[in-house]
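Model, not experiment: these values are computed from the prediction.
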Amino acid sequence: MRKVTILGAGPAGSSAAIQLLKAGHQVTIIDRVKFPRHAPGETLHPGVEPLLKQLGVWEEIRNANFLRHTGIENTSNGIGTFEAYNEEESWKGFQLFREEFDNILLKKAIELGAAFKPNITPSGLIMNGEHIKAVKTAENVYEADYFVDATGKRAWLATEMGVEYKRIGSQKIAYFGYVKDASLNPINPIIEWDENGWTWIAQVKDNQTAWVRLDLDEHRKMDNNWIPPKLRDGRSTGTRKAVDVTWRIAGQCSIGNCFLVGDASFVLDPGSSHGVLKAIMSGMMAAHLMEQTGTHSMAKVHQHYNSWVRNQFNHDIEKLMEMYEKYEIKTNANNV
Ligand SMILES: Cc1cc2nc3c(=O)[nH]c(=O)nc-3n(C[C@H](O)[C@H](O)[C@H](O)COP(=O)(O)OP(=O)(O)OC[C@H]3O[C@@H](n4cnc5c(N)ncnc54)[C@H](O)[C@@H]3O)c2cc1C
């Protein structure tokens, strides 16, 4: 049995925790906020379903009655094309509220025995060479055999360890918000292309629509009150937020006794549309590789995880670039 401390209780952290607990390890999860907490990222690709079954949360997900959709409506120059996930088997994705979804995963980890420490901000690391000995917080010191950085875009652990990120292409800021009572509330998400980028519109609850705007013209400033023209007959709920989604990848995603998972390992703009799926996959993969350290050298494990993450990143960048080229949008991503 090994002791593992996971920072971050999003889908990456909870998935790693569930797999580790199922394998008999001792897990502590620390998050800087209380749960449930809000996060953007409501559209889940159907490919998430087998992973949720493997994690043992399928019953809970089904009982939550999240909205399901069968594909994406792509609109360019006023012409819409529906892209079904899979016409023959009517493969379905999810439209959901992340606070509910992330809480289901976290609850499963707690049920399996994880110690969850919410509302705690780590203050530093105690190192032993390249290995982390412990994470310090104001109240405690968390020692472990392995550490997982699942802190999302903040990548707190990686930053503390001095891991550098390679940034690709121009800076990309995604804006997002929510609207109630709009006459447009589509179950199948709509992605609308224009000369500067795209706008994503999707129903997340009966009477609530989520939107995301990514403008690839770096010099254009978004008006503070901007909402998609198609949703202007509704009313905005909460404040519009902005997130840096510049494409980036950690120089090393597995280092010493630490694994970087989810957005802490790499970030792509939401146009790639499967950040949550990737977060779950990487959490599960890191847990699986920690199991392998009994039979394989740590160097081999590092090599495997780093190339696994890099291959996914490169594959997704290629797909994103193809997509942007198709709609004649410049990404300035010639330094891949
Ligand atoms: C506008 C927008 C729209 C998106 N839309 C989609 C979508 O439709 N579909 C999709 O699949 N993906 C989408 N994504 C991407 C998706 O949100 C992320 O890929 C996903 O949340 C990554 O999960 P994670 O577990 O790595 O990190 P997160 O979900 O960000 O979780 C990280 C956790 O770490 C905690 N934390 C942070 N710092 C610390 C610290 N120092 N110590 C302890 N805990 C810490 C946070 O509180 C948080 O709970 C979108 C992203 C954006 C910005």
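Arg154 CZ: 12 or fewer foreign heavy atoms inside a 6.0 Å radius. Crowding of Glu318 atom CD: a count of heavy atoms from other residues, nucleotides or ligands under 6.0 Å not exceeding 12. The number of heavy atoms from other shown groups lying within 6.0 Å of NZ (Lys107) does not exceed 12. Dense packing is recorded around CD of Glu139, with more than 12 heavy atoms of other residues, nucleotides or ligands lying under 6.0 Å away. Taking a 6.0 Å sphere around CD of Gln171, one finds it holds more than 12 heavy atoms contributed by other residues, nucleotides or ligands. Sparse packing is recorded around NZ of Lys319, with 12 or fewer heavy atoms of other residues, nucleotides or ligands lying under 6.0 Å away. Counted within 6.0 Å of CG on Asp206, heavy atoms from surrounding residues, nucleotides or ligands total 12 or fewer; the atom is thus considered open. When the shell of 6.0 Å around CG of Asn63 is examined, it contains more than 12 heavy atoms from other residues, nucleotides or ligands.
Side-chain atoms of Thr75 never come within 3.5 Å of backbone atoms of Gly78 as a donor-acceptor pair (strictly under, hydrogens ignored). Judged by distance alone, with hydrogens and angles left aside, the side-chain atoms of Thr151 form a donor-acceptor pair with the main-chain N or O of Trp156 at under 3.5 Å. Side-chain N or O atoms of Arg232 include one that pairs as donor or acceptor with a backbone N or O of Ile227 at under 3.5 Å. No donor-acceptor distance shorter than 3.5 angstrom exists from the side chain of Asn140 to the backbone of Tyr142, with no hydrogens or angles considered. Side chain of Asn257 to backbone of Ile132: a donor-acceptor contact under 3.5 angstrom is found. Judged purely by atom type and a 3.5 angstrom limit, Lys205 has no side-chain atom pairing as donor or acceptor with the backbone of Gln203. At distances below 3.5 Å, at least one donor-acceptor pair connects side-chain atoms of Asn188 with backbone N or O atoms of Thr70. With hydrogens and angles ignored, the 3.5 Å screen pairs a side-chain donor or acceptor of Asn306 with a backbone N or O of Cys253.
Annotation: side chain to side chain donor-acceptor pair (under 3.5 Å) contacts of Asp102 (sequence neighbours excluded): Arg37, Arg98. Scored by the ring pair (Phe, Tyr, Trp, His ring centres under 6.0 Å) test, Phe116 finds Phe35 as partners (sequence neighbours excluded).
A cation-pi arrangement is not found for Arg213 relative to Phe176, the charged atom failing to lie both closer than 6.0 Å to the ring centre and inside a 45° cone about the ring normal.
Hydrophobic clustering (ILVMFWY, side-chain heavy atoms < 4.5 Å, transitive): Leu55 and Val48 are in one cluster. When hydrophobic clusters are built by joining Ile, Leu, Val, Met, Phe, Trp and Tyr residues whose side-chain heavy atoms come closer than 4.5 Å, directly or via intermediates, Val301 is not grouped with Ile255. When hydrophobic clusters are built by joining Ile, Leu, Val, Met, Phe, Trp and Tyr residues whose side-chain heavy atoms come closer than 4.5 Å, directly or via intermediates, Ile201 is not grouped with Leu44.
Salt bridge present: Arg235 and Asp181 bring a charged side-chain N and a carboxylate O closer than 4.0 Å. Under 4.0 Å is where a charged nitrogen must lie from a carboxylate oxygen, and between Asp263 and Lys153 at least one such pair does. Taking a cutoff of 4.0 Å between a charged side-chain nitrogen and a carboxylate oxygen, Arg68 and Glu49 qualify as a salt bridge.
Here Phe313 and Trp308 keep their ring centres 6.0 angstrom or further from each other. Between Tyr178 and His38, the ring center distance clears the sub-6.0 Å criterion. The distance between the ring centers of His69 and Tyr85 falls below 6.0 angstrom. Taking the six-membered ring for Trp and the full ring otherwise, Trp91 and His45 have centroids separated by under 6.0 Å.
Ring-plane geometry between Phe259 and His302 is classed as tilted, the angle between the planes lying from 30 to 60 degrees on a 0 to 90 degree scale.
Checked options Val309, Leu51, Val276, Val261; the residue passing with Met281 is Leu51 (criterion: side-chain contact (heavy atoms from CB on, under 4.5 Å)).
Defined by atom type and a distance below 3.5 Å, a donor-acceptor pair is missing between the side-chain atoms of Tyr165 and Trp247.
Between the CD1 atom of Ile187 and the CD atom of Glu73 there is a distance of 13.5 Å, given to the nearest 0.5 Å.
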